[in-house]
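A quick write-up on the structure given underneath.
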Amino acid sequence: MALKMRKNLAPEPPERCDLTECMALIGGAWTPNVIWHLSEGARRFSELRADIPPISPKVLTQRLRQLEERGIVHREVKPTSPPSVEYSLTDLGCELLPAIQAIVDVGKRLKEREEAGL
């Protein structure tokens with residue numbers, strides 16, 4: 001006997017779903033890592049590369065540009081010789097930190113359960 005299909009009681013998502021928009025942004029490879037490493041203040045490109053060793057320069061450049069275009073990261077060219085560029089989180093970028101911290105917390109608990117054999 002087939003199970004009865006239950007009606008979905010969740011409200012219909014808006015045409016441009018906010019959840020999908022946000023997950024598309026932070027779901028990109030290395031994006032949460034970049035945001036995480038900018039959480040304590042501005043970092044230069046080379047510092048971010050050192051913070052996230054597995055990331056390639058090409059991918060880091062792509063992520064930083066994408067985050068800058070979306071208003072998550074601010075890019076500031078410093079008038080030094082040679083010029084240097086610093087990246088920092090915007091106010092909007094800082095709003096993502098609690099969500100990323102929550103994901104990290106759940107990840108820790110999942111890892112602990114796995115190590116405990118549960």
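Owing to the predicted nature of the structure, the values given are computational and were not obtained by experimental measurement.
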ask   = Would Val106 and Met23 show up in the same hydrophobic cluster when neighbours are defined by side-chain heavy atoms closer than 4.5 Å?
value = no
remark   = Between Leu92 and Gly71 the two heavy atoms that sit nearest each other are CB-O, 3.8 Å
ask   = Taking only residues at least two apart or on different chains, which pairs with a member in residues 88-101 satisfy side-chain hydrogen bond (donor to acceptor under 3.5 Å, both in side chains)?
value = Gln101-Asp105
query = Taking only residues two or more places apart in sequence or in another chain, which ones pass salt bridge (charged side-chain N to carboxylate O under 4.0 Å, His left out) with Glu76?
reply = Lys78
Nearest heavy-atom neighbours spanning Arg44 and Ser84 = CD-CB, 4.1 Å
key: Shortest non-hydrogen contact between Leu25 and Thr31, atoms and distance   = O-CG2, 3.4 Å
note = Heavy atoms of Ala29 and Arg63 approach each other most closely as O-NE, 2.6 Å
inquiry  = For a side-chain contact (heavy atoms from CB on, under 4.5 Å) check, start with the C-alpha distance between Ile35 and Ile100, then their side-chain angles and the critical distance, and finish with the verdict.
reply    = CA-CA 9 Å; Ile35 295 169; Ile100 292 172; 3.6 Å; yes
task = Flag the pair Ser56 / Val59 as yes when at least one side-chain heavy-atom distance between them is below 4.5 Å, and no otherwise.
result = yes
inquiry  = I'd like to know whether Leu38 forms a side-chain contact (heavy atoms from CB on, under 4.5 Å) with Leu67, so could you lay out the CA-CA distance, the side-chain angles of the two residues, the decisive distance to 0.1 Å, and finally the verdict.
reply    = CA-CA 12 Å; Leu38 291 173; Leu67 291 170; 5.8 Å; no
note = Rounded to the nearest 0.5 angstrom, the CG-CZ distance for Leu48 and Arg43 is 6.5 Å
ask   = Can you find a heavy atom in the side chain of Ile72 that is under 4.5 Å from one in the side chain of Ile26?
value = no
request  = State the OG1-CD distance between Thr61 and Gln66, to the nearest 0.5 angstrom.
outcome  = 12.5 Å
key: For Pro57 against Phe45, the heavy-atom pair lying closest together   = O-CZ, 3.7 Å
message = Would you say that Arg75 contacts Leu64 through its side chain, given a criterion of any heavy-atom pair below 4.5 Å between the two side chains?
response = no
task = Could you tell me whether Arg49 atom CZ has more than 12 heavy atoms of other residues or ligands within 6.0 Å of it?
result = yes
ask   = Please walk me through it: do Arg70 and Arg65 pass side-chain contact (heavy atoms from CB on, under 4.5 Å)?
value = CA-CA 9 Å; Arg70 300 295 298 268; Arg65 285 182 183 156; over 6 Å; no
query = Less than 4.5 Å apart, any side-chain heavy atom of Trp36 and any of Val104?
reply = yes
ask   = For Leu89 and Cys94, which heavy atoms make the closest approach, and how far apart are they?
value = CB-SG, 3.9 Å
remark   = In short, salt bridge (charged side-chain N to carboxylate O under 4.0 Å, His left out) pairs touching residues 109-118 with sequence neighbours left out are none
